[in-house]
Every structure is written in structure tokens, then in C-alpha cells.
Amino acid sequence: MKEDKKTEQQQKTEVDLERERMFAAADEEAAKGQQTTIDPEGEVKSRREFLDTAMSASDNPEDKYTIYYQGIRKLLMDFLPKGQQYKKMRDYIYEEKNIFLTRGKAKNSKGIRGGDGRMTYQPDMQQILDETIAWILGSRTPTDIYNRYWQLNERMGY
């Protein structure tokens, strides 16, 4: 029984180490040439300015679509490392984001989530956008945004 537990811990550690190495390489890439502002075309000037222009008090599905794609998703695509070598890392981050936005709905074995993050509740969308902007104005490392999203999911019990 102790050996089973030890083997499980070793396997988990190997997976964790692989993930850590992947994120560390991506963090190094993200640290190159960091910018400090974003303007209305997608470059943040200040957190408040971005929130004022990107977020409205609307619950309109079309507005949510715009906020999701031109806000949250665009920021992630602009600031996460690009390239095939970082695809798996980006997928982990996108999955954590989508689990939060769908209130805990992960993809099933067939790859079906059963929820649409673009149509989430306004406070949930606001919270993800807040975390994303804080990440951009802060470290901008993939590890940091992954941990931010993961911690949101943990706090909510997802």
C-alpha cells in the first residue's frame, strides 16, 4: 500500500515537473519585451480605462460576445507566448478560464463542455477580465495567469 502511494506521488511529481518546465519556458518567452499599457485597440493604458471601455452593465449576449472575444480572449492571445511549442500550455490556461466561465463545467471524454463561456454571468466575466488585466499589468508570465484562474476555480469549488 505504501508502494502504491509512493508510485502515485512519483507519477504526479513527474507530470507536475513536466508542466512546471513547460510553464518556465513560456514564462521566459513572456518576459521578453513586456509592455506596460494597453490602448483601446488592445493595448491596456490603465486597468480602469480598459474596464470603462470594455465592460458595460449590459447583459446583452452580443455585448458579452464582444467582451469575450475582443477583451478576455484577445488579451490572452496577445500576451501568451505564441508557437506550437506553447500550444499545450495555452490549452491548460484556456481550459481553466472556460471552467470558471461555465461555473465548473469541464470537457467530458468526448470533448463536450455543456456550457458556453461567452454567455456567462456578468460578474463571472468581470472577475476573469479583472484577473486577466491584473496579470497583464503585473508579471505576464503564463504560470501566473494559469495559477490565477486555477485559484479562482478552487475558491469556487470547481
Side-chain angles (χ1 to χ4, degrees), residues 7-39 41-44 47 50-51 54-55 61-158:
T7 303
E8 181 182 327
Q9 287 176 343
Q10 285 175 340
Q11 289 174 344
K12 183 177 180 183
T13 302
E14 290 171 16
V15 170
D16 290 342
L17 288 175
E18 177 187 348
R19 189 175 292 169
E20 286 175 16
R21 282 192 298 271
M22 177 178 53
F23 276 106
D27 287 352
E28 287 177 25
E29 185 70 23
K32 295 178 185 175
Q34 288 188 6
Q35 300 172 7
T36 58
T37 62
I38 300 179
D39 65 20
E41 288 82 40
E43 306 296 320
V44 172
R47 181 177 181 277
F50 184 78
L51 289 174
M55 297 297 293
E62 291 169 357
D63 290 344
K64 286 184 177 186
Y65 179 92
T66 300
I67 292 166
Y68 180 87
Y69 281 107
Q70 293 178 4
I72 299 164
R73 188 162 187 272
K74 182 181 186 326
L75 293 173
L76 289 174
M77 290 177 71
D78 286 350
F79 288 96
L80 287 173
K82 293 159 183 56
Q84 188 62 34
Q85 70 269 32
Y86 301 112
K87 182 184 181 324
K88 190 173 181 180
M89 178 267 318
R90 288 190 309 268
D91 289 344
Y92 283 125
I93 292 167
Y94 295 150
E95 180 64 12
E96 289 297 322
K97 170 195 61 133
N98 287 322
I99 288 171
F100 181 80
L101 289 175
T102 58
R103 294 196 166 181
K105 291 183 171 92
K107 288 183 179 178
N108 65 18
S109 61
K110 295 180 182 179
I112 298 169
R113 183 175 312 281
D116 188 341
R118 298 169 299 179
M119 301 298 130
T120 192
Y121 295 94
Q122 193 73 20
D124 294 352
M125 191 173 282
Q126 179 69 48
Q127 199 165 6
I128 279 288
L129 184 60
D130 286 348
E131 290 296 330
T132 305
I133 291 171
W135 167 69
I136 289 169
L137 296 175
S139 73
R140 284 197 209 154
T141 63
T143 303
D144 185 34
I145 194 64
Y146 174 82
N147 286 333
R148 285 173 180 271
Y149 291 168
W150 184 82
Q151 288 169 0
L152 280 175
N153 286 328
E154 284 292 306
R155 280 194 302 264
M156 300 303 291
Y158 302 153

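- Put simply, CZ on R103 and CG on N153 are 12.0 Å apart, with the number rounded to the nearest 0.5 Å.
- Between K64 and R118 the shortest heavy-atom distance is CB-O, 3.2 Å.
- The residue from L76, I133, L152 that alone fulfils the side chain to side chain contact (heavy atoms under 4.5 Å, CB included) condition with I128 is L152.
- A distance of 8.5 Å separates CD of E154 from CD of E96, quoted to the nearest 0.5 Å.
- The two residues P81 and R90 have their closest heavy-atom pair at O-NH1, 2.9 Å.
- Here Q126 contributes atom CD and E131 contributes atom CD; the two are 11.0 Å apart, rounded to the nearest 0.5 Å.
- Residues satisfying the side-chain hydrogen bond (donor to acceptor under 3.5 Å, both in side chains) test with K87, not counting sequence neighbours, are D91.
- In this structure, CD on Q151 lies 12.5 Å from CZ on F100, to the nearest 0.5 angstrom.
- Rounding to the nearest 0.5 Å places CG of L129 at 12.5 Å from CG of D124.
- Considering every non-hydrogen atom in both K105 and G114, the closest pair reads CD-O, 3.2 Å.
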- Task: Start with the C-alpha gap between L101 and Y68, add the side-chain angles, then the distance that decides, and say whether side-chain contact (heavy atoms from CB on, under 4.5 Å) holds.
- Result: CA-CA 10 Å; L101 289 175; Y68 180 87; 3.6 Å; yes
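- Between K74 and D78 the shortest heavy-atom distance is NZ-OD2, 2.6 Å.
- Under the rule for a salt bridge (charged side-chain N to carboxylate O under 4.0 Å, His left out), R19 has no partner lying at least two apart in sequence or in another chain.
- To the nearest 0.5 Å, atom CG of residue D144 and atom OH of residue Y149 are 10.0 Å apart.
- Around CE of M119, the count of heavy atoms belonging to other residues, nucleotides or ligands within 6.0 Å exceeds 12.
- Applying the ring pair (Phe, Tyr, Trp, His ring centres under 6.0 Å) test between Y146 and each of Y86, W135, F23, Y94 identifies F23 as the sole match.
- The nearest pair of heavy atoms linking E95 to K107 is OE2-N, 3.6 Å.
- Considering all non-hydrogen atoms of both residues, T102 and G115 come closest at CG2-C, 3.7 Å.
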